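Heavy atoms only: backbone and side chains are in, while hydrogens, waters and symmetry mates are out. Note that this is a predicted model, so its numbers are computed, not measured.
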Amino acid sequence: MAILSILLPFVIALIGGWLIPWVAMKVIMTARFKSGKQQTTNYAGNTVSYGLSLVWLVWAASLFAMLMKGSWLTSVLPTLFADSSDVVAGVGTDSILAEALMQVAQSYNFDDTFFVLAIPLVVTCFFFGWLDDRFGARGDGGFKGHIRALFRGKVTTGMAKVLGIGFVALIVAIYANGYGLFDGSVWNLSAFDALWIFLSMCAIALGANLINLFDLRPARASKVYVAFFLQVFFIASCSSLVIAAVINFWNPWDDITTLLMYLLWALGPIFAIWRYDAGERAMLGDAGANPAGALIGLYAVVGLWILLPVYVVIVLTLNMLSEKFSFTKLIEGSPILKTLDMWGRPRT
């Protein structure tokens, strides 16, 4: 029973985070390939399809359905089993199943900060990225380019995206740190809390832009996304273990288990579209890369605690370096990085 209760949330994460998006994207991309619409030319001059970014809308819908079902199960399950003591004790097949389902329901509910905020975050970042993909002009690339255009009296779609994602990141950061807009609590912040909200906003917004900077070759953004998520998970887990070693009453395993469940949900969409991305048949675009980077930032906000400033410094540094150096040239100049960059892609 205990094993079933532990494994079920992870099985649900694989189904909701990977299987459902994988099936949906297979149907969507097959239809797009047949229609021949919304195509573009990639770095090599080959025709590829837009549309991989839709995986985030499918993922958000899948997660929302799970949250709804989890909330429903929490309310309904206790009434389905007459003897609640059996449920607690785990006596009988029905009771074991009920307890396992309650474990799943409690893992996926509207009280979970990461899950609740991830849905509007990826959807809004998808929207602003789509605006830039659809209406953006490539001539004003880079943050400096958008600033120069703004001084010329022109608001580029890139600048609109920066401001839009920045605003969304601020709202998400406020709620992620336990404050709200409608209850007025946000107006009673201490200086430390205001600083932490600012750092949280930077983690989300800068992360959204960072992954987009790597979306210049097939699967590169996806690989960087996976690498960042794994690093944040590793650091957050090690931090919990260190704290547990210092504070005897601290139990790190609940936090590590929760972070692992988030990780499975977050990595699912990337593996769902992997064969199209790495196979150079379709591309993420801003609408796909921006939600991915923002989700990493949110994961860092809920998982890194006091190490969040380190994450912000790293992503800020990388964003600033992109204004001076070409990541593509740096990757192609390093044999190790070039090998990793080519991994999974067709050889030409």
Side-chain angles (χ1 to χ4, degrees), residues 1-18 63 66-67 70 73-74 88 90 96 99-119 121 172-179 190 192-193 195-197 199-204 207 225-268 270-271 292-315:
M1 182 275 300
I3 296 178
L4 183 62
S5 298
I6 293 173
L7 290 180
L8 266 177
F10 297 112
V11 173
I12 297 297
L14 290 174
I15 294 174
W18 166 74
L63 178 54
M66 180 50 58
L67 291 176
L73 284 173
T74 303
V88 175
I96 292 175
E99 187 172 353
L101 289 175
M102 282 294 291
Q103 178 70 26
V104 175
Q106 291 166 0
S107 299
Y108 302 101
N109 58 64
F110 281 110
D111 295 327
D112 190 289
T113 301
F114 180 80
F115 285 148
V116 173
L117 296 178
I119 295 174
L121 179 63
V172 169
I174 290 172
Y175 280 95
N177 284 278
Y179 290 91
S190 66
F192 178 81
D193 289 335
L195 173 62
W196 213 256
I197 288 175
L199 290 173
S200 301
M201 178 192 70
C202 291
I204 296 169
Y225 173 82
V226 173
F228 261 84
F229 249 106
L230 291 176
Q231 288 174 20
V232 173
F233 171 74
F234 177 77
I235 294 172
S237 300
C238 289
S239 299
S240 294
L241 292 173
V242 170
I243 293 173
V246 176
I247 305 175
N248 293 329
F249 60 83
W250 175 263
N251 181 10
W253 299 113
D254 288 341
D255 288 326
I256 293 175
T257 300
T258 300
L259 286 172
L260 179 58
M261 183 171 61
Y262 295 163
L263 181 70
L264 293 178
W265 268 99
L267 295 186
I270 295 303
F271 292 113
L295 194 60
I296 298 175
L298 178 59
Y299 189 67
V301 169
V302 301
L304 287 182
W305 302 333
I306 61 174
L307 295 178
L308 180 63
V310 177
Y311 174 84
V312 173
V313 169
I314 292 173
V315 293

Requested in this report: Take Leu241 and Ile256 through the side-chain contact (heavy atoms from CB on, under 4.5 Å) test and state the conclusion after the steps.
Outcome: CA-CA 9 Å; Leu241 292 173; Ile256 293 175; 4.0 Å; yes

Report summary line: Tightest non-hydrogen contact, residues Pro9 and Met261, listed as CB-SD, 3.7 Å

**Report entry** Among Ile15, Leu263, Leu260, the one residue meeting side-chain contact (heavy atoms from CB on, under 4.5 Å) with Phe10
**Finding:** Leu260

**Report entry** Exercise: identify the closest heavy-atom pair between Ala292 and Tyr225
**Finding:** O-CE1, 3.1 Å

Requested in this report: Please determine which of Leu121, Leu295, Leu199 meets the side-chain contact (heavy atoms from CB on, under 4.5 Å) test together with Ile204.
Outcome: Leu121

Requested in this report: List in chain and number order the residues that pass side-chain contact (heavy atoms from CB on, under 4.5 Å) with Asn251, two or more places apart in sequence or in another chain; answer none if no residue qualifies.
Outcome: Trp253, Asp254

Query raised in the report: Stepwise, does the side-chain contact (heavy atoms from CB on, under 4.5 Å) test hold for Phe271 with Leu14?
Result: CA-CA 11 Å; Phe271 292 113; Leu14 290 174; over 6 Å; no

Requested in this report: Indicate yes or no: at least one non-hydrogen side-chain atom of Ile270 is less than 4.5 angstrom from one of Phe229.
Outcome: no

Query raised in the report: Just wondering, more than 12 heavy atoms not from Ile306 lying within 6.0 Å of its CD1?
Result: no

Requested in this report: Check whether any side-chain heavy atom of Thr258 sits under 4.5 Å from a side-chain heavy atom of Phe114, and report yes or no.
Outcome: no

Query raised in the report: After noting the C-alpha distance and the side-chain angles of Ile119 and Leu67, does the key distance pass the side-chain contact (heavy atoms from CB on, under 4.5 Å) rule?
Result: CA-CA 10 Å; Ile119 295 174; Leu67 291 176; 3.6 Å; yes

Report summary line: Separation between CG (Asp193) and CD1 (Ile174), nearest 0.5 Å, reads 11.5 Å

Which donor-acceptor pairs under 3.5 Å do the side chains of residues 230-240 make with protein atoms, sequence neighbours left out?
from, atom 1, to, atom 2, distance (Å)
Ser237, OG, Phe233, O, 2.8
Ser239, OG, Ile235, O, 2.8
Ser240, OG, Ala236, O, 3.2

**Report entry** Flag side-chain contact, heavy atom, 4.5 Å: Leu308 against Ser200
**Finding:** yes

Report summary line: For Leu298 and Ala176, the nearest pair of non-hydrogen atoms, with its separation, is CD1-CB, 4.5 Å

Query - Evaluation steps, side-chain contact (heavy atoms from CB on, under 4.5 Å), between Tyr311 and Tyr299 - result: CA-CA 11 Å; Tyr311 174 84; Tyr299 189 67; over 6 Å; no

